[in-house]
Amino acid sequence: MATEEGQVFSCHTVEAWEQQLQKGNDSKKLMVIDFTASWCGPCRFIAPFLAELAKKLPDVIFVKVDVDELKTVAQDWAVEAMPTFMFLKEGKIVDKVVGAKKDELQQTIAKHVGTASA
């Protein structure tokens with residue numbers, strides 16, 4: 001699966017999800033996972049902001065998971081509200097933001113990207 005920097009990857013299958021997860025683990029980059037739903041208003045509100053962040057931060061991997069499409073993944077990650085953002089480094093959860101909170105999302109990314117950010 002060819003990937004370009006600066007975009008949010010949508011996972012529509014468990015295989016695609018596992019592939020992204022593995023790539024995130026291997027890259028040692030910060031990975032931001034957006035657990036979302038098509039019927040969720042706040043999720044639609046935050047989506048363009050997430051896309052902007054992805055463009056600005058090519059060193060961060062952004063992945064989107066629709067909880068209705070990938071119910072098992074959402075259950076495995078104990079997602080109870082949308083949107084939920086999980087922050088991973090090398091496969092370990094380092095942080096979590098629940099809700100469409102632009103500032104908190106941006107600050108949490110900055111905190112974990114650290115000095116690597118431009």
Side-chain angles (χ1 to χ4, degrees):
M1 177 168 145
T3 56
E4 293 172 39
E5 290 187 335
Q7 67 182 43
V8 179
F9 300 102
S10 291
C11 295
H12 299 289
T13 64
V14 173
E15 292 74 34
W17 159 250
E18 286 171 351
Q19 208 174 9
Q20 285 296 335
L21 202 55
Q22 188 59 52
K23 198 161 58 182
N25 294 354
D26 294 345
S27 73
K28 306 207 184 332
K29 290 180 179 180
L30 176 67
M31 189 172 183
V32 180
I33 303 152
D34 173 14
F35 288 96
T36 185
S38 57
W39 45 264
C40 161
C43 298
R44 289 197 300 269
F45 164 77
I46 199 86
F49 181 69
L50 200 66
E52 279 302 305
L53 287 177
K55 281 189 194 122
K56 289 181 194 162
L57 302 165
D59 286 339
V60 179
I61 299 168
F62 289 88
V63 178
K64 187 178 285 203
V65 173
D66 185 311
V67 297
D68 293 321
E69 271 186 329
L70 301 180
K71 284 188 173 82
T72 56
V73 174
Q75 286 167 348
D76 290 348
W77 290 73
V79 174
E80 293 170 359
M82 275 67 69
T84 292
F85 298 94
M86 297 280 191
F87 300 81
L88 273 72
K89 269 194 175 167
E90 296 178 48
K92 293 178 184 68
I93 298 173
V94 293
D95 227 321
K96 176 178 168 177
V97 172
V98 178
K101 302 170 187 155
K102 286 183 177 182
D103 292 344
E104 196 177 334
L105 189 56
Q106 208 162 4
Q107 287 161 3
T108 306
I109 291 169
K111 178 170 86 177
H112 292 290
V113 171
T115 53
S117 63

Which pair of heavy atoms, one from [X] and one from [Y], lies closest together, and at what distance?
{"X": "L88", "Y": "I93", "value": "CD1-CG1, 4.2 Å"}
{"X": "F35", "Y": "M82", "value": "O-CG, 3.6 Å"}
{"X": "A37", "Y": "V67", "value": "CB-CG2, 3.9 Å"}
{"X": "S38", "Y": "D66", "value": "N-OD2, 3.7 Å"}
{"X": "M31", "Y": "G24", "value": "SD-CA, 3.8 Å"}
{"X": "V113", "Y": "L30", "value": "CG2-CD2, 3.7 Å"}

Stepwise, does the side chain to side chain contact (heavy atoms under 4.5 Å, CB included) test hold for T108 with F85?
CA-CA 10 Å; T108 306; F85 298 94; over 6 Å; no

Does a donor on one side chain and an acceptor on the other come within less than 3.5 Å for D103 and Q107?
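Absent: no donor and acceptor within the cut-off.
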
Contact between D34 and V8 at the side-chain level, heavy atoms closer than 4.5 Å - yes or no?
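In short, these two side chains do not touch, never coming nearer than 4.5 Å.
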
hydrophobic_cluster_shared for F87 and V98, side chain cutoff 4.5 Å
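No, separate clusters.
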
Find the distance between [atom1] ([X]) and [atom2] ([Y]) and round it off to the nearest 0.5 Å.
{"X": "F62", "Y": "E52", "atom1": "CZ", "atom2": "CD", "value": "11.0 Å"}
{"X": "D76", "Y": "L70", "atom1": "CG", "atom2": "CG", "value": "10.5 Å"}
{"X": "F49", "Y": "Q106", "atom1": "CZ", "atom2": "CD", "value": "4.0 Å"}
{"X": "K29", "Y": "K89", "atom1": "NZ", "atom2": "NZ", "value": "12.5 Å"}
{"X": "I61", "Y": "I33", "atom1": "CD1", "atom2": "CD1", "value": "9.5 Å"}
{"X": "E104", "Y": "D95", "atom1": "CD", "atom2": "CG", "value": "8.5 Å"}

For the residue pair W17 and W77, does the interplanar ring angle fall in the parallel (under 30°), tilted (30 to 60°) or perpendicular (over 60°) class?
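It falls in the perpendicular class, over 60°.
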
Examine K23 relative to F9 and say whether NZ or CZ is less than 6.0 Å from the centre of the six-membered ring and inside a 45° cone about the ring axis.
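Geometry flag: set, cation within 6.0 Å and 45°.
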
Short side-chain to backbone donor-acceptor contact, N25 and G91, under 3.5 Å:
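Indeed, once roles are kept as given, a pair shorter than 3.5 Å links the two residues.
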
